[in-house]
Undergrad: 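I'd like to ask some things about the structure below.
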Amino acid sequence: MENNFSQFPLIGKMQRREEVLWLNPSSNGTLSGKVTVEDVDDAAERLERFASYIRKVFPATGNGIIESPLKEISSMRDMLAREAGVAPAGRLFLKCDSSLPISGSIKARGGIYEVLCFAERVALQNGYLADGDYSVLADDKLRELFSRYSLAVGSTGNLGLSIGIMGAELGFRVTVHMSTDAKQWKKDLLREKGEA
């Protein structure tokens, strides 16, 4: 029996294993620029290059790749079955980016990625990483190099956490400007990591 999800076209695309992008229609923001397949491949390759460093300084990542757990959401499957009249084929999972290693934030990947891009550029310009061993980024000589540079970000918390934690771990001087309504635990975590 074929599932009828005409009122949920995004689900149909996912079932067909098509790439999807959902933008919140209630959002006032706009998507500024187009992400290409080349951009995604470049980011994946960069994160793979950094895996030996991330594994070394953030052992909770296991393999050095920043991954979030998947959680089966059978109640969502049941709700979709009620709404559409037919249960979706297979199982449904939620990608729990709120449990990402390093900063535990959905915005972690983007902030961490930007810091890693900058660190890579600085290291390459100064003659490091030629042999492809990115684990050397944890060495004191690289931390000293990075300490000559400052990173600054304004954030209510999540983006600031990722940039602050990764930047400080690499040795950058990091300033995170947080609004007064930022959650106290986020402020405390940044202070704990030396980014007050």
Side-chain angles (χ1 to χ4, degrees), residues 1-48 50-51 54-55 58-117 153-166 176 178-179 181-190 193:
M1 173 180 273
E2 187 174 316
N3 293 331
N4 179 8
F5 289 104
S6 57
Q7 66 209 50
F8 303 107
L10 193 66
I11 293 173
K13 287 183 177 184
M14 289 187 292
Q15 285 182 321
R16 292 186 300 276
R17 291 184 164 82
E18 295 175 20
E19 291 183 11
V20 298
L21 171 64
W22 178 82
L23 298 175
N24 185 342
S26 301
S27 171
N28 293 331
T30 59
L31 191 61
S32 60
K34 184 175 180 180
V35 177
T36 66
V37 172
E38 292 78 19
D39 294 331
V40 173
D41 290 343
D42 180 63
E45 290 165 10
R46 178 169 287 109
L47 291 171
E48 186 66 38
F50 274 93
I54 293 171
R55 181 175 48 250
F58 297 107
T61 62
N63 60 3
I65 301 297
I66 304 167
E67 298 175 309
S68 53
L70 292 174
K71 177 182 176 184
E72 188 165 8
I73 50 171
S74 54
S75 59
M76 177 70 163
R77 185 179 186 281
D78 296 343
M79 187 279 304
L80 289 170
R82 280 192 310 276
E83 296 291 326
V86 179
R91 299 159 57 194
L92 291 181
F93 290 86
L94 176 67
K95 192 157 178 57
C96 301
D97 277 352
S98 61
S99 299
L100 277 169
I102 301 176
S103 71
S105 159
I106 191 167
K107 296 180 183 175
R109 284 190 189 98
I112 289 169
Y113 178 79
E114 287 300 322
V115 172
L116 295 178
C117 287
V153 64
S155 170
T156 57
N158 291 334
L159 182 63
L161 280 172
S162 62
I163 290 175
I165 292 169
M166 182 55 76
V176 178
M178 298 180 100
S179 65
D181 62 340
K183 304 283 187 213
Q184 188 60 45
W185 71 266
K186 293 177 183 181
K187 295 176 188 178
D188 294 342
L189 181 58
L190 279 171
K193 300 292 183 181

Undergrad: Any Lys/Arg nitrogen of Arg46 or Asp42 sitting under 4.0 Å from an Asp/Glu carboxylate oxygen of the other?
TA: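 Yes.
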Undergrad: Where do Val176 and Ile163 land on the side chain to side chain contact (heavy atoms under 4.5 Å, CB included) test, with the steps shown first?
TA: CA-CA 8 Å; Val176 178; Ile163 290 175; 5.6 Å; no
Undergrad: Determine, stepwise, if the pair Phe58 / Ile165 fulfils side chain to side chain contact (heavy atoms under 4.5 Å, CB included).
TA: CA-CA 11 Å; Phe58 297 107; Ile165 292 169; 4.0 Å; yes
Undergrad: Can you tell me how far CG of Leu47 sits from CD1 of Ile112, rounded to the nearest 0.5 angstrom?
TA: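 Reported to 0.5 Å precision, the distance equals 9.0 Å.
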Undergrad: Give the minimum heavy-atom separation between Asn63 and Arg55, together with the two atoms involved.
TA: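 What the structure gives for the nearest pair is O-NH1, 3.0 Å.
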Undergrad: Please check if the side chain of Arg91 supplies one atom and the backbone of Arg77 the other of a donor-acceptor pair under 3.5 Å.
TA: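 Looks like no, no N/O pair under 3.5 Å.
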Undergrad: Assess, by modelled atom type and distance only, whether the side chains of Thr36 and Asp39 contain a donor and an acceptor separated by less than 3.5 Å.
TA: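 Their side chains do contain a donor-acceptor pair, which is all the 3.5 Å distance test asks for.
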Undergrad: Restricting to non-hydrogen atoms, name the atom on Ser162 and the atom on Gly111 that form the minimum distance, rounded to 0.1 Å.
TA: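 Shortest heavy-atom separation between Ser162 and Gly111 comes out as OG-CA, 3.5 Å.
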Undergrad: Could I get the full list of side chain to side chain contact (heavy atoms under 4.5 Å, CB included) partners for Lys71, not counting sequence neighbours?
TA: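 Side chain to side chain contact (heavy atoms under 4.5 Å, CB included) list for Lys71, sorted by chain: Cys96.
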Undergrad: Identify the two heavy atoms, one from Leu92 and one from Leu80, that lie closest to each other, and give their separation to 0.1 Å.
TA: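 Minimum heavy-atom contact is CD1-CD1, 3.6 Å.
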Undergrad: Around atom CD of Glu72, are there more than 12 heavy atoms from other residues, nucleotides or ligands closer than 6.0 Å?
TA: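 More than 12 within 6.0 Å, yes.
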Undergrad: In this structure, are over 12 heavy atoms from other groups packed under 6.0 Å from Met76 atom CE?
TA: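 At most 12 heavy atoms, drawn from other residues, nucleotides or ligands, come within 6.0 Å of this atom.
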Undergrad: How long is the gap from CE on Met178 to CG on Leu161, to the nearest 0.5 Å?
TA: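 With rounding to 0.5 Å, CE (Met178) is 5.5 Å from CG (Leu161).
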